[in-house]
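Here's the structure we're looking at; comments come further down.
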Amino acid sequence: MGIPIGGPRIPRVSCHVPELPEVEVLVRHLRPLLKHRRVRRVYVLRPKIVAPGSPEEFAKALRGRTFSDLDRRGKYLVFTLRSSRKPATFQLLGHLGMTGRMYLLPAGEPWPKHAAVVLQLDRDQFVFEDTRYFGRLTLDLSPLRKLGPEPLERTFSLDYFIQQLQRSSQPIKVKLLDQTLVAGVGNIYASEILFRAGVSPRLSARKLTSSQAERVWIASREVLTEAIQCGSTVPLSFGEGRRSDSFFYFGRAPGALDYYAERLFVYDRADQPCSCCGTPIRRFVQAGRSTFFCPKCQSNKRGCEPRPGSKTV
DNA sequence: CACCATGTTCCTTG
DNA sequence: CCAAGGAACATGGT
């Protein structure tokens with residue numbers, strides 16, 4: 001086993017698209033930076049981002065408020081702000097969509113081309129940029145109500161998971177993307193989770209044996225936990241190498257991206273040999289999304305013995 | 001130029 | 001009413 005077949009490479013998409021681990025890393029990074037910072041001015045450059053509310057009400061609600069906390073729910077960021085005014089505290093919901101980024105920029109730095117919302121703080125600007133404008137930064141918290149349990153918390157029990165799978169005939173890969181089943185798994189990690197579990201992405205959810213369901217449940221938690229530990233696939237800092245220094249992205253350990261890229265066993269590796277058995281990884285489309293898998297390791301017949309464990313490389 | 005990539009919401013169909 | 005499938009959204013990269 002061991003991964004380095006094909007050498008180090010950077011997956012095309014994975015370093016851009018945030019799923020639960022990327023959001024978790026961002027939240028941990030931003031939380032201390034935002035705490036106690038007051039919003040001086042609000043600029044909404046793309047009204048769609050603050051929908052369904054209007055830019056005016058968004059600006060009015062935020063101006064003068066102070067950030068007090070930041071949490072994650074699924075792929076959402078939940079900002080808490082306070083003030084001495086009317087509602088003593090209220091919350092703001094953020095979602096990075098596919099290309100969203102959030103970071104602090106020193107006051108006076110020019111905004112990026114696709115800046116969607118900028119909050120002027122005392123000596124920094126909080127920037128939400130999003131080239132495709134699929135993201136959200138809004139007063140509307142209602143999307144949270146539809147979310148299923150957090151995969152890394154007790155509410156996501158094995159019993160619950162098995163019970164939910166029984167209710168659906170969709171392929172397990174598609175089911176893992178269902179945010180009402182479990183919140184935070186996206187297209188990249190869904191493939192990775194099933195590879196680790198040795199389960200075919202085509203298998204109908206209700207046809208998983210309890211042993212297979214348990215393996216998927218365990219793999220979900222392992223894959224997401226390790227991704228968080230690795231600093232996630234999103235590049236975390238671009239302080240150095242870019243003109244302005246003190247210029248934050250997310251702040252990552254050096255080399256984290258390359259290190260993580262090697263840990264994606266199947267995603268975006270079509271035609272490359274499986275790290276476990278050498279069989280070429282295959283790609284196909286499910287629910288309009290790419291799925292990557294090893295036809296041997298995930299054949300449901302048990303094939304590849306050495307499962308890629310947490311201690312590879 | 002055509003097509004593909006991502007996540008969520010909305011619409012349609014069964 | 002619900003499950004499932006597909007289009008739309010916006011942009012940049014190949």
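Chain naming here is simple, since letters A, B, ... match the order of the sequence lines and numbering starts at 1 in each.
- A:R136 places its CZ atom 20 Å from the P atom of B:dT6, with the value rounded to the nearest Å.
- Nearest heavy-atom pair, A:A205 versus A:S168, reported as atom, atom and distance to 0.1 Å: CB-O, 3.4 Å.
- Here the side chain of A:Y267 is nearest to one of B:dA5, B:dT8, B:dT9, namely B:dA5.
- Here the shortest heavy-atom pairing between A:G94 and A:L137 reads CA-CD1, 3.9 Å.
- In this entry the distance linking CG of A:D178 with P of B:dT8 reads 11 Å, nearest Å.
- When rounded to the nearest whole Å, the span between CZ of A:F284 and P of B:dA5 equals 13 Å.
- In this structure, A:C294 and A:F195 approach most closely via the heavy-atom pair CB-CE1, 3.9 Å.
- DNA chain B is contacted by both A:N187 and A:K146; A:N187 maps to the nucleotide lying nearer its 5′ end (nearest heavy atom per residue).
- Atom pair A:F292:CZ and B:dC4:P shows a separation of 13 Å (rounding to whole Å applied).
- Between the CG atom of A:L20 and the C1' atom of B:dT6 there is a distance of 16 Å, given to the nearest Å.
- In this structure, A:I49 atom CD1 and B:dT9 atom P are separated by 13 Å, rounded to whole Å.
- Between A:L177 atom CG and B:dT6 atom C1' the separation is 11 Å, expressed in whole Å.
- Cation-pi geometry between A:R215 and A:W217 is not met: the NZ or CZ atom fails to fall both under 6.0 Å from the ring centre and inside 45° of the normal.
- The two residues A:V182 and A:L176 have their closest heavy-atom pair at CG1-O, 4.4 Å.
- No side-chain heavy atom of A:K113 sits less than 4.5 Å from a side-chain heavy atom of A:E129.
- A ring-centre distance under 6.0 Å is found for A:H114 and A:Y133.
- Under the 3.5 Å distance criterion, the side-chain polar atoms of A:Q125 are left unmatched by any main-chain donor or acceptor of A:L119.
- Of the P atoms belonging to B:dT8 and C:dG13, the separation is 23 Å, rounded to the nearest Å.
- Each of A:R221, A:R73, A:K75 was compared with A:E150 under the salt bridge (Lys or Arg N to Asp or Glu O under 4.0 Å) criterion, and only A:R73 meets it.
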Summary of protein contacts for nucleotides 1-6 of chain C, nucleotide by nucleotide, where a base hit scores B, a sugar-phosphate-only hit scores S (4.0 Å, heavy atoms): ---SS-
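- C:dG12 and B:dT9 are spaced 24 Å apart, taking the P atom of each and rounding to whole Å.
- The neighbour count for A:R41 CZ, taken as heavy atoms of other residues, nucleotides or ligands under 6.0 Å away, does not exceed 12.
- Grouping Ile, Leu, Val, Met, Phe, Trp and Tyr by side-chain contacts under 4.5 Å, direct or through others, puts A:F284 with A:F293.
- Considering only heavy atoms from C-beta on, A:M102 comes within 4.5 Å of A:F79 through its side chain.
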For nucleotides 10-12 of chain C, give me every protein contact, N/O to N/O, under 3.5 Å, one pair per line with atom names.
residue	atom	partner	partner atom	Å
C:dA10	O4'	A:R132	O	3.1
C:dT11	O2	A:R132	NE	2.8
C:dT11	O2	A:R132	NH2	3.4
C:dG12	OP1	A:K113	NZ	3.3
C:dG12	OP1	A:H114	NE2	2.8

Sort me out a list of protein N/O and nucleotides 12-14 of chain B N/O pairs below 3.5 Å, or just none if empty.
none

Dot-bracket for DNA chain C, 5' to 3', counting Watson-Crick or G-U wobble pairs under 3.5 Å, with [ ] for crossing pairs and | for inter-strand pairs? .||||||||.||||
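- Each of A:T66, A:D69, A:L62, A:T89 was checked for a side-chain contact (heavy atoms from CB on, under 4.5 Å) with A:L81, and the lone residue meeting it is A:L62.
- The other members of the hydrophobic cluster of A:L93, by chain and number, are A:Y76, A:V78, A:L141, A:L144, A:L147 (side-chain heavy atoms under 4.5 Å, ILVMFWY only).
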